[in-house]
Structures are given as C-alpha cells and as structure tokens.
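Remember, it's a predicted structure, so these values are computed and weren't measured experimentally.
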Amino acid sequence: MRVLTYKDLDLRKVKAAFAKVRAYLEADDFRSADVKKLAPGKFWRAKLGRSDRLLLQFARCGGQTVCLVLEVIENHAYEKSRFLRGIPVDESKIEAEPVGAPEQEDHAVLEAAALRWLHPTRSEFELLDRPIVFDDAQEAVRRLVPPVVVVGSAGSGKTAVTLAKMREATGGVLYVTHSAYLAQSARAIYEAHGFENPHQEASFLSYREFVETLRVPKGREVTYPAFAGWFERHRAAARSSLGEVDAHALYEEFRGVIGASAAGPLDLPTYLALGARQSLFAEQARTAAHALFERYRQWLRDTGLFDLNLVAQEWRALATPTYDFVVIDEVQDLTNVQLALVLATLKTPGQFLLCGDSNQIVHPNFFSWAAVRSLFWHGVVGMDSQRQELSVLQANFRNTRTVTELANALLKIKQARFGSIDKESNFLVECASMEEGSAQLLDVRSAGVKELNTRTRTSAQYAVVVLRDEDKPRAREYFSTPLVFAVHEAKGLEYPHVILFELISGQRAAYTEVCEGVRPEDLDVQTLAYNRARDKADKSLEIYKFYVNALYVAITRAVQSLVLVESDLRHPLFALLGLQAGTAPLSAPVARASTREEWAQEARKLALQGKVEQAQAIQDTFLRSQEVPWKPWTQTLVQELLPKVLNPADPSNKVRQMVYDYALWHGQHMWIRRLYKEAHFAPAQPIWQAWEAFGRNTSAPQVQTLRKRHLQPYTAHNFKDILRQCDQYGVDHKTVVGATPLAMAVLAGNLPLVDALLERGANPALRNEFGHTPWMEALCQAMDDLQYAKQSLGLLFDRIAPPVLDVQTDERYHPLHHAQAEYWVLSLMLAGFKTLCSDAMGRRDYPYYKYAQGFFAALFAKVFDTLPLHIWQARRRKGTYINAVLARAERDSTYIPARKLWVRTQVGHYLPNPEMQLRWHDGTTQEPVWKAVMEVLGAEWVSEGTKGRLLS
C-alpha cells in the first residue's frame, strides 16, 4: 500500500518508530503495525511504541487505496488531537485485533476521503477540506517568494494552492475576493480539521466587507438592475450621441474605465486621451459618455446608493499599513482602484498573491492583466514591477476530458477571432481527469428534451444554465428542475451534469460575430501562439467578450457531462466546437432521484451563496411543508394575550399558564411577578413570595421541570418522530416553545439529532426574538449549567458556532474570529443578556447583586474552563487574562485596535456597548443589514421582564 504523509506531520521524536510502521503499512502488514479502528469515526491508529500512536486515514484514488498519515499522538493524549476535535477515545474499547486490510473494512469511510489525483512520486499531501496532492506546477507556486500572480482556469486548483501558501504566512494575513460566499468557503477550507497557525491572524473578507473595515458606507450598493432602470430614463437623450448603446456596455464603461482608475475618476481630457483599446467607445462618443457618468454620480447621491469604485477612491485616505500578507482571489472580478485600495493596506509592498482567470469575466469591469501590471509599472502600490512573479496553472482537475476539450475549442475560437487577450491568459487547459465524460447537442423540438427532463427533474446533480435572467422563463417551459441559473449566478458553482439551454440560439447574431471568419483549420493547433489583433480600433473583443466568456463559464460548470439544447442547430459555432445533432441516444446519464435531505442541503448551500430564487424553488418543489397545528410561543402572541392574562376578572387560567411557562422558559421573572400581583395566578405565588422574603431564586425546580417536559422528545436516542415532524412542517419549523428543532436538540445536548437536522438543511443562523441562534442558546444554558457546558459545548462548537461575529462600532466593521478572546466574551454577553438579571433561572453560582451590575470575569471563566484545550488554551485560563481582554475592548479603552465592544458599568462589570451594531440576516433578502445590538437582542422585551435594569 502506498503511504502518504501530511505536510505538517511532526516526526522529530518518533523517526525510527515511524520508519518501522511505515514499512509495515507499505507491505500491507497491518497486524505488525497494530492498526485498529477508532470508533465511531473515520480514523484509524497505528502503534508507534508503548504510549505513542499514529493517527491514520485511508483514501482511494482510481481504484487504489492509500494510507494517509495525519498526526502523532503522544502519550495516549487523544483529547489533544487536532483532527479528533475532542471526540472521546477509550483505547480499552478499540477492537482487540484488526479484522483485515482497512480497504476491506469500511468502504463508505474510504469513499469519503477520495483523492482526485495522485502524483507518481510525491509522498506528501496537503490537507485542506480534503487531502490534496499537488502537481509539479502547483508545488512550484507554493514555494514561490511573493509577489506572486497565479493564472489558472476553472478546476486548476488555484484556490487550493493559494490557501496552502497563505497558511505559511506570518503576522496579519488577509484573504479578499469579490464574493462573500467564496470568502466564507475559503475560510472553511482553510480552517478545516482545526488548522491554526499560531504565528498569524488571518482575515477572510469579501471586498465589500474589506471596505467596511475602513468605514461602513452609508446606504445600499448600486446593482446592475438599478443602473439599468436609471439608464432607461436617459436612453432617448443618449441615443443621439452614443447610438444604440447597451446598458451592460455603459455600465462596464462607468465601472471599468471612467471610475476604475486608482488615481480617481477620469476627468474628461484624460478620458478622451485613452487609447483605442482602453475604452468601449470611440473618441467622438466619449464626451457624451462622460457627461452621463456625472449624471450617474448625482443619481447615486440623490438615491442613497454607493458605487464601490467611487467608495474605494474616497476611502484611500483611510487605508493604513495593516497586513503582512494579502491574497486576492478571483482578481479579475475587481477593478484597478479596488485592487489598489487592498494593496495599500500592506505593511511591505509586494507581499501579496493575486489569483484569477480573465476567461471567467461575466460582469462589467473591463479587467485586463495589462491594467494590473500598470499598477506596478507606475508605482501605484509602491513596488518594483521587475520583482513580480507570474505562474500559470494549466491542469484541470475538475472537468472530464470531453468537457475540457469543448472548453479548449472555445478558447481557440476566441483567439482566432480576436487575437490574444494578453500573455497571461494565452494557454489551453490540460485535463488531469481519467474520466471521458460526454457532450451532446440536442434539438429543443426533439423528443429527447422530454426524456432529458424526465431524467433530470428530481435530481440535484443536474443544473440548467441560461445566458441571462430574462431567459429563465422559457427554460422552465422545458425543464422542471428548480436548478435554473443565469450565467452570472452559475459562476462559482459546479454540478456533475449541466444543461445549456439556448445560450447560442438565444443570441444568434452575437455568437455569429464571435465565430466570424474563423475556419476549422484555424483551430487545428495544440497550443495558443501569442498574437494580438492588428486593428487597435476594433472593439469586437470588448463588445463580444461577455458572450464568449459566458459560454466558457457555462461549459466549465459541468464536471462530467454536458448537453446543449438549442433551436438553431445550423449555427456555425457548433461546427467549430465539433458538435453535431444526430439520432444517437441521449448521452446524459440517468440520475437517481435525490432524497429530501439532499435537496435540503442543496437549498441551504444555495441560500448561503445568495441564490435565493433557486433555494426557494427547491423549497416549493421538494420541501413543501404544512403549517404547525399549534401556536408557538412568541413575543407577539404574549403581547396579544396580556390584556386577558392580567385581567383578574377573567376566569380562564389556560393562557396564564402559557405566559407563566413562557416566562420560566426564557428566564423573565418579572412576568411571574405580574401574574402574581395583577392576575393572582396561584402557581406564581410561592415563587414570588419566597423571592420577596428571602431575596433568592426559588424557581429552579419549576424551570427544570418545564425544560425536561419540553425537551424530553429531543433527548431520546430514537428521534424518528422528530425527523418525521421536520418532513411534515419543515426542518426549521417552530416548536411549541417557539424554538426550532435544531435549537431544542442543542439544548438537549443530543449530538446525533443535531447532526441529523444539519444533514437535513437546518439553518444554525436563525435567531429567536431575543436574538439567540442555537449556538447562543447553548452558551446561555452553559452559563447556568456547567455539566452541560462540559459535556456538550466543545462538540457543538464545530457543528453550529459561527466562525466570525460581524460587529460594527464607530462606523467600522470588526470581524471577530473564534480564535480571538473577544469573540468568546462578546458571545457570552449576547447569549446571557436576556437572563443576566433574571431571578427565574436555574442554578446561580454568585449572589444576585453580582449579576445586577453586568457581566464579570469570574462568570466567563467558569464557562471557559469547561472548553476543550483545542478551543480555549491553557494560557487563557487565568482571571488576569480575561480581565485584560475586558479592559482592552471596552468603549473608552485606548488600546489599538479599540473595538469598543462593551461598556464598563462599574469596576469589573460590563455590558454590550449599546452603540454597537450586528449584521442581521432575516432569511428573506440577499443582502444582510446592520442592526443596533439592543434591537437584535430584543432589549425592550427583556427590559419589560427585568424592569429596565440592563438599560438603565
């Protein structure tokens, strides 16, 4: 068996023992290596000596099983393992003898750790979200000294190489990209399996979030639909001077030319002086275009919108040397001024890595690698251009051979028609996949389309891609799948099978121009020779770039197979691509129907990417649910019932009992007082009288009884009924107490149920009326139940805790990462806010007056001491450390950076800074908004239950 070792494997203390074990493994002698399965889980261990163990995992690649050596575990200390993440391991329960070779033991586990490609000789692997073996070009990039520019096609592994190189940097490290989802995904890949570099502080931001770290812009970002609406009102006036200009073209001119200069928006003389290839418009039309740009800027001011280009120019003065190393992924999505703003935050010019592919530009920005180089040549970012290193990754590890060949054919057509775009993008892709795949042209009028719809409509492995949003309705006439995307939405996605619906026939004239004058013999080349178009005044490339790039992006979304459904089968582009419609059987594989859980996961993924339309379509098509037959407890319901509840003349106690239970569940003791004082509700009497007499909490038994009753179904090992309810009412339905099933499973500490609900697409970011997510519910319970904290908190962390808290103070965005102590302190403050001053909670370890003044270090310390060492390190388990964290982040602190997260109420006591804002996702809009922290936490409602103590 072939043995691969993790790149960061530390063998210094066990070299001799490891060499012996490795030889056993390579000889398939698992008995001598004492290989045994760690159950439950996907890990194995081998015996290095009396007390040291080797953590293993097995994977498959092309029918071959390989052994992956992950970690040395010294002195049986499994609890310190980076990969086991606190999972308890009892060596006495490990099987006494291995049953056989690991590849015969658990095929499901082996398939979960599949390798896409193996180097013929390299014995090390990188571990991101999955094990990866780099090819020679990728490994060469990883070893380069910055500055580095990496050019790679879709599926080339450029992001993986970029993240691997980023892991090696020290100091403040920034990863920034246009897409918020890509930034989140990159963080998840980067931090997979508990990776941490103690010598760096890494930030992963979308470009919009990066701008907000300097200052949060006022208003909303302008979008293309908003711009198109504005342009329609000016189209008639612009026609006389600009002709029949397309709104997309003008949008690109504004964003990619006039407004994109790092030195500021171009004035009219500078704009007129641009070369022929630097603008979409001829010189005689530029005066009118510039005048429209000024009207555009006025429209932005009048409507409260902002353009990130213009913001970048204004914010340039706010950029200070902050980061030691910067990675910019998908750099082709940024304009020069945006790029310059990011690089202006470097402490040392040149300490960056740029990564992208200009063939994937499908939105207006007029990007070119030449324009990027000009930043260095003209000293805009303060570095010598001669130090720039450029690498090209030509291998494609994602797409099958047929799909890759089709994409290459399009690149050949692009170059033959328009000449070389630039030296950096002048290459064909080399397919590394061993799968052949398929590509087929199908007549939209043929019976094959109906068969294709039958094969695909219930499978989450098939997606339909159209050119633009307005083409979706016609595609839905033929295909029933909810996975219908315009090209701009599909960018960044990948599906095993893709259907392109009338991309070419729908824009026949444009694609005719794309292949105008291109002959089949022009495409009979194995490499692309660098050859610029002779006519500099020819605007064909800029005009038709969208169409050819859109088709390229659409093709490369298909991992295995591709079907082009078209009405104009005689279009010349098909012949150039080598596609011909015939009578051959449909080549698209018959996909099994996806399960409800798979559709739920797909909907969740798309929602996170901002693909709300498709996520909702999945919900409506496959995840339709009924209304719950009960009335969940809510603030609105309680407020509606209050007149009846507090009326002593009303004889009904049913609604009083509900409000009483609501008060106990949420720890709002003043409701109990009102029930006793105003409504004379008998069950509330002993609790309140005892409080008034003894000044201490006597409601703990009632709280525990109530919680036990409602949580009982969620504590059981057999939770089929819970999952059945989720199928019936939706996975995020509200239970009787107003919490989601996920929140109830979290409170019950039932990890298998938590996993099952997450597998069904449960949303861990949903908040209740007190601003609590399921993770915050767990923290709130942990503050009063240390046994729960010790047993559940660490294991729940990897499952449902957000990696970052989005906080705004002093008009600046502060992303608090879970590795920062402020993340944990603020999380506990937000989670414990509603019950801090409550007398209706369970156990309280300190006198009431301690809580009445705010949060204090000892309250945090008792929770922190229950966390596993891989989450909260031993050096942090001191009161002095926690007090230092509290002092440095308070509102009046002079510490730099002063995040101003809380206010000091008296010596040693703190509350969340009421001027702070949190980013709020309401689940219905694509763009989150900032909300005042007290609004998020429902402070007025909490205040009603605590007589305003927290707000006074």
Show, in sequence, the C-alpha distance, side-chain angles and deciding distance for F833 and M934, and conclude whether the side-chain contact (heavy atoms from CB on, under 4.5 Å) test is met. CA-CA 10 Å; F833 181 83; M934 292 304 171; 3.7 Å; yes

Using the six-membered ring wherever Trp is involved, compare the ring planes of Y729 and W630 and label them parallel, tilted or perpendicular (cut-offs 30° and 60°). perpendicular

Under a 4.5 Å cut-off applied to non-hydrogen side-chain atoms, are W920 and V936 in contact? yes

Between R709 and D661, does any side-chain N to carboxylate O distance fall below 4.0 Å? yes

Donor-acceptor list for residues 737-745 side chains, cut-off 3.5 Å, not counting sequence neighbours:
unit_1, atom_1, unit_2, atom_2, d
T740, OG1, A743, N, 3.2

Polar side-chain atom of E678 near backbone of L646 as donor-acceptor pair, under 3.5 Å: no

Hey, could you give me the OH/CG distance between Y813 and L205, rounded to the nearest 0.5 Å? 6.0 Å

Steps toward side-chain contact (heavy atoms from CB on, under 4.5 Å) verdict (K878, N883): CA-CA 9 Å; K878 299 177 182 178; N883 278 313; over 6 Å; no

Stacked cation flag R167 on F195, 6.0 angstrom / 45 deg: yes

Please test L937 against F770 for side-chain contact (heavy atoms from CB on, under 4.5 Å), starting from the C-alpha separation and ending with a verdict. CA-CA 5 Å; L937 297 179; F770 295 98; over 6 Å; no

Any Lys/Arg nitrogen of K900 or D810 sitting under 4.0 Å from an Asp/Glu carboxylate oxygen of the other? yes

Sequence neighbours excluded, which residues qualify as salt bridge (Lys or Arg N to Asp or Glu O under 4.0 Å) partners of K218? E811

side-chain contact (heavy atoms from CB on, under 4.5 Å), that's the test. Do E201 and Q820 meet it? Break it down for me. CA-CA 9 Å; E201 184 175 325; Q820 297 172 279; 3.6 Å; yes

Assess the pair F797 and H818: is the distance between their ring centroids shorter than 6.0 Å? yes

Counting C-beta onward and ignoring hydrogens, is there a side-chain heavy-atom pair between V645 and V638 closer than 4.5 Å? no

Checking the side chain of E890 only, and the main-chain atoms of V885 only, is there a donor and an acceptor separated by less than 3.5 Å? no

Between R891 and W902, is NZ or CZ placed under 6.0 angstrom from the six-membered ring centre and within 45° of the ring axis? no

Taking E212 first and then R919, would you say they form a salt bridge - that is, a charged N and a carboxylate O separated by under 4.0 Å? yes

If you define the side chain from C-beta out and look only at heavy atoms, does anything of T345 sit under 4.5 Å from F210? yes

Output the distance between atom CD (Q704) and atom CG (L664), rounded to the nearest 0.5 Å. 10.5 Å

With ring centroids as reference points, do Y714 and F719 lie under 6.0 angstrom apart? no

Heavy-atom check, side chain of L816 versus side chain of V804, under 4.5 Å: no

Checking the side chain of S893 only, and the main-chain atoms of A898 only, is there a donor and an acceptor separated by less than 3.5 Å? no

In terms of heavy-atom contacts, D865 and R877 come closest through O-NH1, 3.0 Å

Side-chain donor/acceptor of D806 to backbone N/O of H814, under 3.5 Å: no

Treating R82 as the side-chain partner and H193 as the backbone partner, does any N or O pair qualify as donor plus acceptor under 3.5 Å? yes

Would you call the rings of W665 and H710 parallel, tilted or perpendicular, where under 30° means parallel and over 60° means perpendicular? perpendicular

Of all the heavy-atom pairs spanning K931 and E935, show the shortest one and how long it is. CE-OE2, 3.7 Å

How many angstroms lie between OH in Y78 and CG in L84, if you round to the nearest 0.5 Å? 8.0 Å

Looking only at heavy atoms, the pair that brings A180 and S206 closest together is CA-CB, 3.6 Å

Just wondering, do H733 and C726 contact through their side chains at under 4.5 Å, heavy atoms? yes

Looking only at atom types and distance, does a side-chain atom of N75 sit under 3.5 Å from a main-chain N or O of A77, one as donor and one as acceptor? no

Rounded to the nearest 0.5 Å, what separates atom CG in L796 from atom CD in E777? 12.0 Å

Quick one: do E74 and K80 make a salt bridge, cutoff under 4.0 Å? no

D732 and G761: which non-hydrogen atoms are nearest, and at how many Å? OD2-O, 4.3 Å

Min side-chain heavy-atom separation L55-F83 under 4.5 Å: yes

Rounded to the nearest 0.5 Å, what separation is found between the OG atom of S203 and the CZ atom of R187? 6.5 Å

Rounding to 0.5 Å, atoms CG (L214) and CZ (R812) come to a distance of 7.0 Å

State, to 0.1 Å, how close H772 and L830 come at their nearest heavy-atom pair, and which atoms those are. NE2-O, 3.6 Å

Would you kindly say whether E822 and H817 are connected by a side-chain donor-acceptor distance under 3.5 Å? no

Go through the side-chain N and O atoms of S81 and E71 and say whether any donor and acceptor fall under 3.5 Å apart. yes

Please confirm whether the backbone N or O of V907 pairs with a side-chain atom of H909, one donor and one acceptor, at under 3.5 Å? yes

Would you check if the side chain of W824 reaches a backbone N or O of F860 as a donor-acceptor pair within less than 3.5 Å? no

So does A778 get a backbone contact from the side chain of Q781, meaning a donor-acceptor N/O pair under 3.5 Å? no

Correct closest heavy-atom pair for Q668 and W941 would be OE1-O, 4.3 Å

Side chain to side chain, P912 and L901, heavy atoms closer than 4.5 Å: no

Tell me whether the centres of the aromatic rings in F856 and Y910 are closer together than 6.0 Å. no

When you measure from the side chain of H666 to the backbone of A663, do you find a donor-acceptor pair of N or O atoms at a distance under 3.5 Å? no

Are the side chains of V807 and M916 in touch, meaning some heavy atoms are under 4.5 Å apart? yes

